[in-house]
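Notes to accompany the following structure.
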There are 2 protein chains.
Amino acid sequence: MKEIDPKRSAVTMVDVAEAAGVSAITVSRSIRRPELVSEEARLRVAAAIERLGYVPDAAASALASKRTDVVGLLVPSLTNSVFSEVLRGIYDAVEETPYSVQIGNFRYSPSGEERLIRTFLRQKPAGMIVAGLDQTDSSRAMLERAECRVVQIMDQGPAPVDLAIGFSHRDGAVSAVEHLLEQGYERIGFMGARMDPRSQRRLAGFTEALKARGLFEARRVVTTPAASTVGLGGQLLGDLLARAPEVDAVFCNNDDLAAGALLEAARRGIEVPRQLGICGFNDLEMSRFLNPALSSVATPRYRIGRGALELLMQVIDAPEEKPEAVDLGTEIKARASTARRG
Amino acid sequence: MKEIDPKRSAVTMVDVAEAAGVSAITVSRSIRRPELVSEEARLRVAAAIERLGYVPDAAASALASKRTDVVGLLVPSLTNSVFSEVLRGIYDAVEETPYSVQIGNFRYSPSGEERLIRTFLRQKPAGMIVAGLDQTDSSRAMLERAECRVVQIMDQGPAPVDLAIGFSHRDGAVSAVEHLLEQGYERIGFMGARMDPRSQRRLAGFTEALKARGLFEARRVVTTPAASTVGLGGQLLGDLLARAPEVDAVFCNNDDLAAGALLEAARRGIEVPRQLGICGFNDLEMSRFLNPALSSVATPRYRIGRGALELLMQVIDAPEEKPEAVDLGTEIKARASTARRG
DNA sequence: CTGTTAGCGCTTTCAT
DNA sequence: ATGAAAGCGCTAACAG
């Protein structure tokens, strides 16, 4: 049985110092800046640390030094496959630095986001990475007053709090619509779930692109506040076809929905791409292996993650630097699911 | 441009106290135990906090009180869809408590896991949740000495460090094999990627179940250390069929591989389930929407997450309590992809 | 290269 | 219901 005894005072730096026959500060230095300590002292300290099972106290260190090596990361979801690539980029990049990442998941709740920002700022993070440009006023104010640099990721738009790296969701949607038009589709529908601010911008791009050509029909747009899943993609395709049976193509807000639509079309005997073109968004790993392969708008998720952390590292010791917002762009991946002319 | 001025000393509790005309301790109390403070004082303090933009310092609080409200969570992956459900369970459960979760991702690296455990313990977490039972000796020793309760999740086996909740990967694999045998498949192959300890146990269950019936053939097992993806599932099916063309069914280590195998079979004109039965593991959301629907071993991921946090809450203020390890079990979902007799 | 001194901002403990 | 004093464990700043 595990023994938990919070009264037994833990080993402190002073204990280690006494055991090693040096002073506390030498212990501190041999942990943080070993090059400033003689090899002999360093070895004695290391041995004492090992022998006593010393674990430095992060809170005491943070309090005394007024700094931490934590980079706070705020995302709206960990289930959404989009963010897993971003995380991979961030983790890859942070591994090359002395910093560590702490994730907060606000689950698409603005008040949850405010709460998390407050919690993170209490810890005096070395930097913050937050998803999106659309924080509440109060969240935005906290980020603006924060004593650390802030990178907003995933999106692209005017007036970021500090730094920003992402892409234009509107432009991505426009390129999808243009691709579908090029392939000869003209009665194009839209399927969207969750409809967070970025999804809204994709819908806006979709709408604009079609309106510019006089091809927009409001009834061809189906959305739901529910979270995107493959199953929901099938349902939404059913809803769309019931409301607007004439649609010859559908732009899906993301690849989960698009995969669901593709599979549902197969179940209904609807031929893709001949009878119905389907285009997704994000270009998830699985999409190109579906039958037919799913066309999609590829988004630079990994590069956003890596880029965000690199941006932060670049400015973290240079408070005066302020790089421009970075637009990484998107790329349409034309595959069989929209190859009407092929 | 964002102003970062680390020299400008931040607002402290004493500043708030002066502004509110009370002492620091009253400020402290009106934040943490408002019921101990008169309403008048509380209102004045709240106003002062608001006016000055006071943000309590987490490090100072942790140092003085020797406690935090952080529950550390260590997972080997955030990309692996398996953990997203676990996270959802944990987040749902923690929302009902005053604690907050901090995720560490060790990316299937044992040394990364050690490093993260060390980092987490420095913060004196209120509790720890770690994936798996197979830590290195050094990791295990740290967890055993930790001044907090520890829950190991995802697996089931002898001698957990402290608490445990999960299911038997071996039994799950056995049930998959039994299902395939019942359906009349006899030359069953195995496809596995990553092959972490839990995957190894699934392979062990697969092997045992077939050996017991004299049906095991080593060449029908293909594995790779690479991470599971849909694309890899297609490749592994190709490898398996090249090495053992006689296989009439395949048990895949997880649903990503199984989905890839299913899609690759379609591409090759192999009829599923008639010519080839395919069974996955985990029962991801998408699996039942594939064509044909994918049979899979459903794992209680959400319940593991929620259960782990609930276990922790249950023992966190009762150091003497030590519940038994919880085995949540698995359930085979028989669907079209293995319905040979159907 | 090493040590001394003086806090960091908060909470605990004990008074009142 | 409120406060005064003491210190949590570490590091910055300055000596030596």
Side-chain angles (χ1 to χ4, degrees), chain A residues 6-46 48-49 52-70 98 119 121-124 126 147, chain B residues 6-46 48-49 52-70 98 119 121-124 126 147:
Chain A
K7 265 135 281 172
R8 188 194 67 209
S9 67
V11 178
T12 75
M13 196 172 259
V14 173
D15 300 330
V16 174
E18 281 171 6
V22 296
S23 73
I25 191 66
T26 299
V27 176
S28 175
R29 282 200 270 252
S30 66
I31 291 169
R32 294 176 302 126
R33 313 277 312 271
E35 71 276 14
L36 298 183
V37 173
S38 71
E39 182 168 356
E40 198 212 313
R42 210 176 332 130
L43 291 173
R44 289 218 310 276
V45 168
I49 286 175
L52 301 179
Y54 169 65
V55 179
D57 184 313
S61 166
L63 179 59
S65 68
K66 294 175 176 308
R67 58 181 308 290
T68 67
D69 56 3
V70 181
T119 307
L121 292 184
R122 289 186 50 166
Q123 316 199 33
K124 311 222 182 302
E147 297 273 320
Chain B
K7 266 135 281 173
R8 187 194 69 209
S9 67
V11 179
T12 75
M13 197 172 259
V14 172
D15 300 329
V16 174
E18 279 170 7
V22 295
S23 73
I25 189 61
T26 299
V27 176
S28 174
R29 281 200 271 253
S30 66
I31 291 169
R32 294 174 303 125
R33 313 276 312 272
E35 70 277 14
L36 298 182
V37 173
S38 71
E39 183 168 354
E40 198 214 313
R42 210 175 335 127
L43 291 173
R44 288 219 311 275
V45 169
I49 286 175
L52 300 180
Y54 169 65
V55 179
D57 183 312
S61 167
L63 179 59
S65 68
K66 294 176 177 306
R67 58 182 306 290
T68 67
D69 57 2
V70 181
T119 307
L121 292 183
R122 289 186 49 165
Q123 317 200 34
K124 311 222 181 301
E147 297 273 320

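Taking only side-chain nitrogens and oxygens, B:Lys66 comes nearer than 4.0 Å to OP1 or OP2 of D:dG9. B:Thr26 has a side-chain polar atom (N or O) that falls below the 4.0 Å cut-off from OP1 or OP2 of D:dG3.
Looking at residues two or more places apart in sequence or on another chain, you find no side-chain hydrogen bond (donor to acceptor under 3.5 Å, both in side chains) involving B:Glu39.
Between the NZ atom of A:Lys66 and the CG atom of B:Asp57 there is a distance of 7.5 Å, given to the nearest 0.5 Å. A distance of 9.5 Å separates NZ in B:Lys124 from CG in B:Leu63, rounded to the nearest 0.5 Å.
Atom CZ of A:Arg42 and atom C1' of C:dC1 are 11 Å apart (whole Å). Rounded to whole angstrom, the span from the CD atom of A:Glu39 across to the C1' atom of C:dT2 amounts to 17 Å. In this structure, CD1 of A:Ile31 is placed 15 Å from P of D:dG9, rounded to the nearest angstrom. Atoms CD (A:Glu35) and C1' (C:dT2) sit 15 Å apart, rounded to a whole Å. Taking atom CG of residue A:Leu63 and atom P of nucleotide D:dT11, one finds them 11 Å apart after rounding to whole Å.
Across all their heavy atoms, A:Asp15 and A:Ala10 have their closest contact at OD2-O, 3.9 Å. In plain terms, the two heavy atoms of B:Tyr54 and B:Val11 that are nearest each other are CD1-O, 3.4 Å.
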Report, one line per pair, each donor and acceptor closer than 3.5 Å where one atom sits in a side chain of residues 19-31 of chain B; sequence neighbours left out.
| from | atom 1 | to | atom 2 | distance (Å) |
| --- | --- | --- | --- | --- |
| B:Ser28 | OG | B:Arg32 | NE | 3.3 |
| B:Ser28 | OG | B:Arg32 | NH2 | 3.0 |
| B:Ser30 | OG | B:Thr26 | O | 3.2 |
| B:Ser30 | OG | B:Val27 | O | 3.1 |

Where protein sits on nucleotides 10-16 of chain C, one letter per nucleotide: B base, S sugar-phosphate only, - none, heavy atoms under 4.0 Å: BSB----
